[in-house]
*Asks:* 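This is the structure, below, for whatever I ask next.
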Amino acid sequence: MICFGHRGASGYEPENTLRSFKRAIDFGCPWIELDVYLVDDHIVVIHDEDLSRTTNGTGRVSTSNFSYLRSLDAGKGEQIPTLEEVFTLVDHQCGINIELKGPGTAAAVGKFLASTRYPKDEILISSFDHHEVALMDPDWNRAALFEQASSEYVDRALALHAVSINLDRHLVTEAVVVKAHRAGLKVYVFTVNAKADLQHMDALAVDGVFSDFPDRVLAMQDKH
Ligand code: G3P
Ligand code: CA
């Protein structure tokens, strides 16, 4: 199972901050996952549309200006990072899964990626908003996220020319994994933190998990 450090190593550090991504890299995590919105032509890395859970600010990300967002404490004195800052930190030490949260993010992320000349195999683009995923240049590896049960995971992912279906862990069954694999799709599962749940996903032969505790996933792999 590939390990995606969910919002970095967010079980240990403030989620979606440079500190959290650095912790995941220090664990030896092969991938990090992060969430992006577009604000004043800047791609900012934060999960919630509402600022109150993860910062000392109030209001909504999409109606705030960039300088206000940058003035906030996102935990332990960290700023809300830009996507560019995350790329500078990562510097090819791990893959980056960019989850498109806000409208307009596909075009902005596509433009940014083109400017970085990043290798395609170090990037995965995903979203619950499949229309946004479809706007990404298909040269980039793309994933369809699902949090509701559906009989159409595979068909919808294939229609998007996605490489994977990224499922909430409660949706994963052996039948879904087999069907996805037969269609040539990977199955990546979020968010898997408890050791028993990690072992269950391993037994179901999923291809990867998103975890707030990437060290737990890596420790399991060491035992194999
Ligand atoms: O990409 C996997 C997972 O991060 C999706 O859910 O709510 O944590 O962004 P959420
Ligand atoms: Ca996410």
Side-chain angles (χ1 to χ4, degrees), residues 1-18 20-21 23-24 29-39 43-55 60-62 74-75 80-83 86-87 90 94-103 105-106 108-109 122-134 136 140-150 153 156-157 160 162-172 176-177 180 185-194 197-198 201 204 206-214 216-217:
M1 286 195 302
I2 294 174
C3 177
F4 293 84
H6 187 236
R7 311 177 195 171
S10 59
Y12 299 102
E13 301 291 355
E15 66 179 54
N16 279 325
T17 61
L18 294 181
S20 185
F21 300 127
R23 188 77 179 265
C29 199
W31 283 84
I32 55 165
E33 183 266 1
L34 53 82
D35 309 283
V36 297
Y37 291 82
L38 184 64
V39 174
I43 304 166
V44 292
V45 179
I46 185 168
H47 179 271
D48 294 6
E49 166 70 306
D50 190 291
L51 290 164
S52 57
R53 182 180 63 85
T54 61
T55 76
R60 298 177 74 75
V61 172
S62 54
I80 297 171
T82 63
L83 187 61
V86 177
F87 271 65
V90 169
C94 65
I96 304 174
N97 173 204
I98 303 167
E99 184 189 335
L100 308 174
K101 285 289 192 201
T105 44
V109 168
E122 293 180 28
I123 300 292
L124 179 66
I125 307 293
S126 60
S127 188
F128 290 110
D129 182 346
H130 297 173
H131 299 294
E132 202 67 35
V133 175
M136 278 305 296
W140 295 103
N141 289 318
R142 306 184 303 178
L145 273 163
F146 295 92
E147 58 186 345
Q148 305 287 340
S150 165
Y153 307 128
R156 289 175 64 182
L160 283 171
V163 297
S164 65
I165 54 173
N166 295 12
L167 301 178
D168 181 282
R169 68 186 174 87
H170 299 102
L171 304 177
V172 182
V176 167
V177 176
L185 294 164
K186 304 283 190 195
V187 180
Y188 299 136
V189 184
F190 60 93
T191 302
V192 193
N193 290 333
D197 293 332
L198 288 167
M201 289 303 142
L204 288 174
V206 308
D207 301 282
V209 289
F210 297 85
S211 183
D212 300 335
F213 301 90
R216 293 181 187 168
V217 187

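For ligands, and for the atoms within them, numbers begin at 1 and follow the listed sequence.
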*Asks:* Is there a side chain to side chain donor-acceptor pair (under 3.5 Å) between D129 and S127? Walk through the geometry before answering.
*Replies:* CA-CA 5 Å; D129 182 346; S127 188; 5.3 Å; no

*Asks:* Provide the atom name of the closest N, O or S atom of D35 relative to the Ca ion (ligand 2).
*Replies:*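 This turns out to be OD1.
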
*Asks:* Specify which N/O/S atom of E33 comes nearest to the Ca ion (ligand 2), by atom name.
*Replies:*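 Among the N, O or S atoms of E33, the one closest to the Ca ion (ligand 2) is OE2.
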
*Asks:* Could you tell me if the side chain of Y188 sits less than 4.5 Å from the side chain of N97, heavy atoms only?
*Replies:*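 A side-chain contact is absent here, since even the closest heavy-atom pair is not under 4.5 Å.
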
*Asks:* Considering only non-hydrogen protein atoms, determine which one is nearest to atom 10 (P) of ligand 1 and report residue, atom name and distance to 0.1 Å.
*Replies:*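 Protein heavy atom with the smallest distance to atom 10 (P) of ligand 1: H47 NE2, 3.3 Å.
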
*Asks:* With no hydrogens and no angle check, is any side-chain donor or acceptor of Y37 less than 3.5 Å from a backbone partner on H47?
*Replies:*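 Indeed, once roles are kept as given, a pair shorter than 3.5 Å links the two residues.
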
*Asks:* Quick one: which ligand 1 atoms are inside 4.0 Å of a heavy atom on D35?
*Replies:*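 Within the 4.0 Å cut-off of D35, ligand 1 contributes 9 (O).
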
*Asks:* Taking atom types as modelled, find out whether S52 and D50 have a side-chain donor-acceptor pair closer than 3.5 angstrom.
*Replies:*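 Side chains of S52 and D50: pair found under 3.5 Å.
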
*Asks:* Could you check which N/O/S atom of E99 is closest to the Ca ion (ligand 2)?
*Replies:*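 Per the distance ranking, E99 contributes OE1 as its closest N/O/S atom to the Ca ion (ligand 2).
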
*Asks:* With a 4.5 Å limit on heavy-atom distance, are the side chains of I32 and F4 in contact?
*Replies:*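 No, every pair of side-chain atoms sits at 4.5 Å or beyond.
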
*Asks:* Indicate whether the side chain of T191 and that of D212 have a donor and an acceptor atom separated by less than 3.5 Å.
*Replies:*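 There is no such pair (donor and acceptor under 3.5 Å, judged by atom type) between the side chains of T191 and D212.
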
*Asks:* Taking D35 for its side chain and K101 for its backbone only, find out whether a donor-acceptor pair lies under 3.5 Å.
*Replies:*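 Between the backbone of K101 and the side chain of D35 there is no qualifying donor-acceptor contact (under 3.5 Å).
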
*Asks:* What atoms in ligand 1 come closer than 4.0 Å to a heavy atom of K101?
*Replies:*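 The atoms of ligand 1 under 4.0 Å from a heavy atom of K101 are 7 (O), 9 (O), 10 (P).
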
*Asks:* For atom 5 (C) of ligand 1, what is the nearest protein heavy atom, given as residue, atom name and distance?
*Replies:*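 Result: E99 OE1, 3.4 Å.
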
*Asks:* With backbone taken as N, CA, C and O and side chain as the heavy atoms from C-beta onward, which portion of L145 lies under 4.0 Å from ligand 1: side chain, backbone, both, or neither?
*Replies:*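 L145 to ligand 1: side-chain contact only, backbone stays beyond 4.0 Å.
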
*Asks:* At a 4.0 Å threshold, what atoms of ligand 1 neighbour a non-hydrogen atom of F128?
*Replies:*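 The atoms of ligand 1 under 4.0 Å from a heavy atom of F128 are 5 (C), 6 (O).
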
*Asks:* Look at atom 1 (O) of ligand 1 and say which protein heavy atom is nearest, naming residue and atom and giving the distance to 0.1 Å.
*Replies:*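 The closest one turns out to be E33 OE2, 3.2 Å.
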
*Asks:* State, with a plain yes or no, whether a side-chain heavy atom of R216 is found less than 4.5 Å away from one of N193.
*Replies:*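 When only atoms from C-beta onward are counted, N193 and R216 do touch, with a gap below 4.5 Å.
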
*Asks:* Is any N or O atom of N97, backbone or side chain, closer than 3.5 Å to an N or O atom of ligand 1?
*Replies:*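 Checking ligand 1 against N97, no N or O pair falls under 3.5 Å apart.
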
*Asks:* Below 4.0 angstrom from a heavy atom of R7, which ligand 1 atoms are there? Numbered from 1 as shown, please.
*Replies:*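 Numbered from 1, ligand 1 contributes 7 (O), 8 (O), 10 (P).
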
